[in-house]
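The structure appears below as structure tokens.
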There are 2 protein chains.
Amino acid sequence: MQGGPPWVRGLHGRFRNYGYRLTFPRQAILEAFTKTDKHLSAIDVYGQVHKIYPGIGLTTVYRTLELLAKMGVLFRFEFGDGKTRYELAEGPRGQRHHHHLICVNCGRVIDYTDFIDEEIELLHQIEKGLSKKYNFKITHHQIHFYGLCEECK
Amino acid sequence: MQGGPPWVRGLHGRFRNYGYRLTFPRQAILEAFTKTDKHLSAIDVYGQVHKIYPGIGLTTVYRTLELLAKMGVLFRFEFGDGKTRYELAEGPRGQRHHHHLICVNCGRVIDYTDFIDEEIELLHQIEKGLSKKYNFKITHHQIHFYGLCEECK
DNA sequence: CTCAATGCAAATCTTTTGCATGCTA
DNA sequence: TAGCATGCAAAAGATTTGCATTGAG
């Protein structure tokens, strides 16, 4: 296994550092995330990867998603539909950090990047305080706003 | 069905307004939440209620939790262990709103109320902006900080 | 060549649904 | 009494595990 998109080559070392191998299925799973802005579930990923590599097994998808989350390459989300979803922690083009609006009626999820700067600043201060008080090493955060979307109001 | 803790009597009307009935199982499920500060899963609740009402069915617990969440009496949370958890939206003693610290290693969840005021103020402003921009009616929010707890660091 | 990675099948677990019966208002 | 609520059994889904085989390094 060699070649592939440039950003994938950079992951080789990252995998090795963890004692993991960068195999074709793993690379194909990663690529699925670079082709969408959506929050993909295991089955979503399976569907995508299956198109270019029909031999893929669902089990491998589950194991790889967990692995990538542990490595910090993906973030894990749950929006209330019973499926765990994942997103690239940092997009190939350095996408901006974002938060979510979730419709409690239809389940629609909207990513927003507005106001993020103000949020981030405050959150960083809070992180500092919480880390000290609770002796907790904070790595990331999520903000979810719940309510009714345009359609469901 | 009548009597019970004072705060439960107040719910009678709330149920009626929705066209629902305040039955013994429902009251017992609600009481389980008043006896703990924890985020209870359906099976947690089932276990609690089963002690005082062995006839309870798991299905009823699931249906009641969903109902109470829809009524706004409970909030729904997912912390990554595959179980949906619930918490009283407003405690019987008017507990303060809080946010969560989640250990990605052991799954421990810490509630914190520090910094809440600053957070709330900012979030309210942001809510206003988001509501307008996305034509979204926001009802509540969650902030989760992820990382490693004292034990797991 | 060695050991991690994979895929399949089966097992687990949580949550939902169908339906006959019970109970609240 | 009417219609919501309940409990059981079965179904549906998502995720995990055991194990023999494959393949990356």
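We name chains A, B, ... by the order of the sequence lines, and we start the count at 1 in each one. Excluded from the calculations below are hydrogen atoms, water molecules and symmetry mates; all remaining heavy atoms, backbone and side chain alike, are included. On a predicted model such as this, the values are computed, not experimentally measured, just so you know.
- As a whole-Å value, the separation of A:Gln27 CD from D:dA24 C1' is 13 Å.
- Among the protein residues, A:Tyr53 comes within range of the sugar-phosphate backbone only, with heavy atoms under 4.0 Å from sugar or phosphate atoms but none that close to a base.
- Rounded to whole Å, atom P of D:dT17 lies 15 Å from atom CG of A:Leu58.
- Distance from the side chain of B:Thr84 is smallest for C:dT15 among the nucleotides D:dG18, C:dT16, C:dT15.
- Within 6.0 Å of CD on B:Gln125 lie more than 12 heavy atoms contributed by other residues, nucleotides or ligands.
- When heavy atoms are screened at a 4.0 angstrom cut-off, A:Arg26 is found touching the sugar-phosphate backbone but no base atom.
- Between A:Tyr62 and D:dT15 there is a side-chain polar atom (N or O) within less than 4.0 angstrom of OP1 or OP2.
- When the P atom of C:dA5 is taken as reference, atom CG of A:Leu67 falls 7 Å away, rounded to whole Å.
- D:dG25 atom P lies 14 Å from atom CZ of A:Phe24, rounded to whole Å.
- Taking the nucleotide of DNA chain D with the nearest heavy atom to each of A:Ile43 and A:Arg63, the more 5' of the two is matched to A:Ile43.
- In this structure, CD of A:Glu78 is placed 15 Å from C1' of D:dG13, rounded to the nearest angstrom.
- Taking the six-membered ring for Trp and the full ring otherwise, B:His100 and B:Phe145 have centroids separated by 6.0 Å or more.
- Ionic pairing of A:Lys133 and B:Asp114 is present here: one or more N-O contacts between side-chain nitrogen and carboxylate oxygen are shorter than 4.0 angstrom.
- When only modelled atom types and interatomic distance are considered, A:His144 and B:Gln142 share no side-chain donor-acceptor pair under 3.5 Å.
- Nearest-nucleotide positions on DNA chain C place B:Lys83 closer to the 5' end than the other of B:Lys83 and B:Arg21.
- The side chain of A:Thr23 has D:dA24 as its nearest neighbour among C:dT15, D:dA24, D:dG7.
- Counting to the nearest Å, the P atom of C:dT14 and the CZ atom of B:Phe77 are 20 Å from each other.
- Using a 4.0 Å heavy-atom distance criterion, B:Ser41 is classed as making no nucleic acid contact.
- The aromatic ring centres of A:His140 and A:Phe75 sit less than 6.0 Å apart.
- Atom CD in B:Glu66 sits about 16 Å away from atom P in D:dC4, given to the nearest Å.
- Counting to the nearest Å, the P atom of D:dG13 and the CG atom of A:Asp81 are 13 Å from each other.
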